[in-house]
There are 2 protein chains.
Amino acid sequence: MRDPDNFSDTPAPPARKRTTRAKNAEATRQNILEAALSEFARSGFSGARVDTIADMTQTSKRMIYYYFSNKEELYLAVLEESYKKIRAFETEVSLDELSPVNALRKLVEATVDYQAGHPDFIRIIMNENILQGSNIERLPELRSVNSGAIDLLRRLCARGVDDGSFREDINPVDLHMNISALSFFNVSNRYTFGFIFDRNFSDPEVHAARREQIVESILRYVRAA
Amino acid sequence: MRDPDNFSDTPAPPARKRTTRAKNAEATRQNILEAALSEFARSGFSGARVDTIADMTQTSKRMIYYYFSNKEELYLAVLEESYKKIRAFETEVSLDELSPVNALRKLVEATVDYQAGHPDFIRIIMNENILQGSNIERLPELRSVNSGAIDLLRRLCARGVDDGSFREDINPVDLHMNISALSFFNVSNRYTFGFIFDRNFSDPEVHAARREQIVESILRYVRAA
DNA sequence: TCCTTGTTGTACCATTTGGTACATTGCGGA
DNA sequence: TCCGCAATGTACCAAATGGTACAACAAGGA
């Protein structure tokens with residue numbers, strides 16, 4: 001994913017291979033972003049330590065401030081990239097050749113799996129909500145990004161109404177919210193809920209069973225009559 | 001619930017009445033707990049400032065360390081009290097004289113309203129999950145506390161199956177999880193979701209409409225056939 | 001070859017922050 | 001009335017933490 005060249009975490013031997021500096025620049029930036037995602041997700045904005053991020057990087061703290069002028073900007077960059085990645089995922093799921101019911105099933109399953117597979121993303125969003133959305137407001141382009149998800153559902157609902165499998169009065173935003181809520185909660189509250197009710201969501205079987213319940217819940221929500 | 005005596009939220013005039021010290025002691029502790037809940041909820045564990053909590057209090061930082069030996073213990077006390085309060089609420093909702101469908105409707109509505117009315121509680125739980133449940137593990141009594149919620153649902157399901165209104169294969173933990181997820185998400189993701197999809201959940205009408213969708217979703221989830 | 005410019009490492013600083021030393025006050029029991 | 005101890009206020013500290021000064025290095029154009 002990245003040129004590991006002459007950077008390493010340990011006190012480091014002088015220098016080994018050698019690539020052009022220009023090439024490393026972007027790689028360094030990405031390297032920082034990945035480390036930052038992990039650290040912000042683990043500890044929240046305030047809990048995250050810039051020094052810790054630097055240590056996870058193949059470069060130094062100096063570089064963090066070189067590419068992202070301060071901690072807040074770095075956090076913002078992480079937030080933006082996280083949302084862009086989930087959008088990319090959504091558009092990848094191909095549903096057009098499936099029946100409405102099967103398409104919705106597939107979409108829900110994919111969403112549940114995606115969220116479960118990206119706990120860092122979930123935590124970043126949780127953290128942003130603790131901060132009362134103060135940063136996301138600076139990223140207005142996310143609105144158009146996410147409205148794609150609604151369009152997708154709107155079309156799907158229309159198809160479902162046409163073939164008689166869905167009821168008519170479904171608001172796609174509510175539907176999206178139901179899907180999001182059920183798949184988000186699985187991950188977001190994994191620790192407290194898992195502890196209190198003794199469910200280990202890391203277990204693949206537990207995950208699959210829960211996913212089926214979510215699918216069931218959504219299908220029952222949209223089905224006609 | 002508490003002796004309101006000479007405590008108030010505003011900067012407050014020097015000192016007014018005068019109660020016995022002993023009496024004030026418990027009040028001071030409660031006063032600190034309330035301030036801490038608010039601050040931890042607003043900023044998360046790391047983001048919360050002990051000095052800020054002290055400022056919100058009618059007493060000094062010294063007292064925080066007197067009653068709770070350090071920041072972590074204070075956080076733990078807040079977490080514990082939050083859970084105990086939500087338990088108290090659940091047992092208060094009386095459902096026995098209602099039909100299963102109406103009882104479930106009432107329970108869901110009450111849950112949605114309760115969570116919406118206690119955003120600080122929601123944030124505390126979010127924060128605890130960001131911390132990967134490291135503190136809740138030290139409060140094993142919460143397990144028995146919350147298992148009451150499951151018992152309630154189990155009985156309700158049995159009644160519903162008896163009178164033919166509910167399907168037979170409902171797992172009460174899954175049902176509880178659905179209810180929790182849908183009502184939790186409303187509050188937990190209020191800022192990001194609200195911003196992206198332009199929904200203001202503080203608006204009573206928006207809240208009521210969403211609540212009805214959640215009830216609908218749950219009822220469809222349990223209904224027979 | 002040399003100089004400009006983007007990139008990077010080292011060492012350091014000022015402030016913030018959790019936490020404490022120490023003195024003081026006043027209630028309640030003897 | 002007086003003393004012991006719970007309760008509290010003031011002032012302070014050491015460590016952690018976000019951020020920076022400054023120098024140096026490398027690559028590419030002149």
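Quick note: numbers below take in every heavy atom, side chains included, and nothing from hydrogens, waters or symmetry partners.
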Using atom [atom1] of [X] as one end and atom [atom2] of [N] as the other, report the distance to the nearest whole Å.
{"X": "Asp51(B)", "N": "dG19(C)", "atom1": "CG", "atom2": "C1'", "result": "10 Å"}
{"X": "Met63(B)", "N": "dA6(D)", "atom1": "CE", "atom2": "P", "result": "13 Å"}
{"X": "Tyr67(A)", "N": "dG19(D)", "atom1": "OH", "atom2": "P", "result": "19 Å"}
{"X": "Phe40(A)", "N": "dT17(D)", "atom1": "CZ", "atom2": "C1'", "result": "13 Å"}
{"X": "Ile64(A)", "N": "dG19(D)", "atom1": "CD1", "atom2": "P", "result": "11 Å"}
{"X": "Arg62(B)", "N": "dC22(C)", "atom1": "CZ", "atom2": "C1'", "result": "10 Å"}
{"X": "Gln58(A)", "N": "dG9(C)", "atom1": "CD", "atom2": "P", "result": "11 Å"}
{"X": "Tyr65(A)", "N": "dC12(C)", "atom1": "OH", "atom2": "P", "result": "19 Å"}

Discussion item. So Asn186(A) and Met177(B), do their side chains get closer than 4.5 Å, heavy atoms only?
Written reply: yes
Worksheet item: Is there side-chain contact between Phe195(B) and Arg143(A), with at least one heavy-atom pair below 4.5 Å?
Response: yes
Fill in: Near-strand residues of residues 72-80 of chain B, defined as heavy-atom separation under 4.0 angstrom from DNA chain C
none
Worksheet item: Are the charged groups of Arg105(B) and Glu212(B) less than 4.0 angstrom apart, N to O?
Response: yes
Fill in: Note: Arg42(A)-Glu39(A) ion pair, threshold 4.0 Å (strictly below)
yes
Worksheet item: For Tyr66(B) and dT20(C), is the shortest distance between a side-chain N/O and OP1 or OP2 below 4.0 Å?
Response: no
Worksheet item: Would you say Thr28(A) reaches dT7(C)'s phosphate, i.e. side-chain N/O to OP1/OP2 under 4.0 Å?
Response: no
Would you tabulate the pairs of protein nitrogen or oxygen atoms and nucleotide nitrogen or oxygen atoms of nucleotides 13-15 of chain D closer than 3.5 angstrom?
none

Discussion item. Nearest heavy atom decides the nucleotide; on that basis, is Arg49(A) or Ser60(B) closer to the 5' end of DNA chain D?
Written reply: Ser60(B)
Fill in: With Tyr75(B) via ring pair (Phe, Tyr, Trp, His ring centres under 6.0 Å) - residues at least two apart
Phe40(B), Phe45(B)
Worksheet item: For Tyr191(A) and Glu137(B), does a side-chain donor sit closer than 3.5 Å to a side-chain acceptor?
Response: no
Worksheet item: Closest to the Lys61(A) side chain: dT10(D), dG19(D), dA7(D)?
Response: dG19(D)
